[in-house]
Number of protein chains: 2
Amino acid sequence: MDNEVKMMPHGIECCDEEEVHADKVQLVNEQMPPEDRLYDLAELFKAFGDTTRIRILFALFEADICVCDLAATLNMTQSAISHQLRLLKQARLVSGRREGKQIIYYLADDHVRTIIEKGMEHILE
Amino acid sequence: MDNEVKMMPHGIECCDEEEVHADKVQLVNEQMPPEDRLYDLAELFKAFGDTTRIRILFALFEADICVCDLAATLNMTQSAISHQLRLLKQARLVSGRREGKQIIYYLADDHVRTIIEKGMEHILE
DNA sequence: AAAACATATGAGCAATTATTCATATGTTTG
DNA sequence: CAAACATATGAATAATTGCTCATATGTTTT
């Protein structure tokens, strides 16, 4: 009936009732970052979690590129690329500067490279 | 009619026809990792891209924990947690060892910590 | 071996998401 | 200022995803 975690200084039994490993549960809950930070983190990684966006980021590793070049390179529609750039911009992974008619996109900061590098290390290990 | 990228040593005009910034397009395409690697990378980041899974990972930063303790800590169903653990296991972010009736989950390697740290840096900057 | 317990998993559903199409916004050129 | 060009965006749609419920698998206890 109640959802709250009971705390009791007992042994290491687990799960047979509402009495779980109270010590661990408490420790974990104390260390857990606030809800909005967890949300922001998940949103950030979501931005990396799509092949099209990953390809855009890899493209921007090499050069600052306008939307239509990105579309040409990745062989996708300008619209599709624009939509994805919006998400990347929201996650502050890329920025754009206007140059005449075009908008040139570029990596917003070095975290992008670092995070992708670490991800690469993990999948290659 | 054709989808192939034309290469022509021309100036810096862009986008008004099929002739884009050929040099950039070529450079980018040369440096682009193979399709399956891009896919794996995106899949990896997808695993980080959900609040529940992020919370599970933060929990495992503190201790190795069994499924039902995770469920208790995060105040979610055992089933929901199990489903998410399966995804995390597929991404090789966590592993589980059996201890009696329980399965104790733990972080698979240090990349998990590093990647989340880098993500944290980015959202806090 | 049966009952109890811990975890895993398949089906179903609601919510989210990636793309397309049509069109709007903003810039440059004639 | 009109036409052309580059990009952005809203609506619609198909695919994916996260959770629930029911149940299956595997372990321990009696």
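What you are looking at is a predicted structure, and each value in this text was computed from that prediction instead of being measured. Residue numbering restarts at 1 for every chain, and letters A, B, ... go by the order of the sequence lines.
- No donor-acceptor pair under 3.5 Å is formed between the side chain of Lys24(A) and the backbone N or O of Leu70(B).
- Here the P atom of nucleotide dT19(C) and the CG atom of Leu85(A) are 12 Å apart, to the nearest Å.
- Checking dT9(D), dG26(D), dT7(D) against the side-chain heavy atoms of Val67(A) singles out dT7(D) as nearest.
- In this entry the distance linking CD of Glu99(A) with C1' of dT7(D) reads 14 Å, nearest Å.
- In this structure, Ser95(A) and Tyr105(A) have side chains that are not in contact, with every pair of non-hydrogen atoms separated by 4.5 Å or more.
- Heavy atoms from other residues, nucleotides or ligands lying under 6.0 Å from CZ of Arg37(A) number 12 at most.
- Computed from coordinates, the Ile103(A) CD1 to dT9(D) C1' distance equals 13 Å when rounded to whole Å.
- Considering every non-hydrogen atom in both His122(B) and Ala91(A), the closest pair reads CE1-O, 3.1 Å.
- In terms of position along DNA chain C, the nucleotide closest to His83(B) lies nearer the 5' end than the nucleotide closest to the other residue of the pair Gln84(A) and His83(B).
- In this entry the distance linking CZ of Arg53(A) with P of dT19(C) reads 8 Å, nearest Å.
- Residues from residues 33-51 of chain A with heavy atoms under 4.0 angstrom of DNA chain C, sorted by number: Lys46(A), Asp50(A).
- A donor-acceptor contact under 3.5 Å is formed by the side chain of Ser79(B) with the base of dC21(D).
- Residues Ile104(A) and Cys66(A) come closest through the heavy atom pair CD1-CB, 3.9 Å.
- The shortest distance between side-chain heavy atoms of Leu41(B) and Phe58(A) falls below 4.5 Å.
- Atom CD of Gln102(A) is separated from atom C1' of dA6(D) by 7 Å (rounded to the nearest Å).
- A donor-acceptor contact shorter than 3.5 Å links the side chain of Arg53(B) to the backbone of Ala47(B).
- A salt bridge between Asp64(B) and Arg97(B) is present, with a side-chain N of the basic residue lying under 4.0 Å from a carboxylate O of the acidic one.
- Following rounding to the nearest Å, Gln78(B) (CD) and dA6(C) (P) show an atom-to-atom distance of 10 Å.
- Thr77(A) comes within 4.0 angstrom of the backbone, heavy atoms only, and of no base.
- Side-chain nitrogen and oxygen atoms of Tyr105(B) include none within less than 4.0 Å of the OP1 or OP2 phosphate oxygen of dA6(C).
- A straight line from CD1 of Ile104(B) to P of dA6(C) spans 11 Å, rounded to a whole angstrom.
- We find that CG of Leu74(A) is positioned 14 Å from C1' of dT19(C), with the value rounded to whole Å.
- A 6.0 Å sphere centred on OH of Tyr39(B) holds no more than 12 heavy atoms belonging to other residues, nucleotides or ligands.
- With dT7(C), dC19(D), dT28(C) as the candidates, the nucleotide lying closest to the side chain of Cys66(B) is dT7(C).
- Listed in residue order, the members of residues 55-64 of chain B having a heavy atom less than 4.0 Å from DNA chain C come to none.
- Residues Phe45(B) and Ile54(A) form a side-chain contact, since some pair of their non-hydrogen atoms from C-beta on lies under 4.5 Å apart.
- Nucleic acid contact class of Leu87(A) (heavy atoms, under 4.0 Å, all strands): sugar-phosphate only.
- Contact annotation: Thr52(B) reaches the phosphate of dC19(D) (side-chain N/O to OP1 or OP2, under 4.0 Å).
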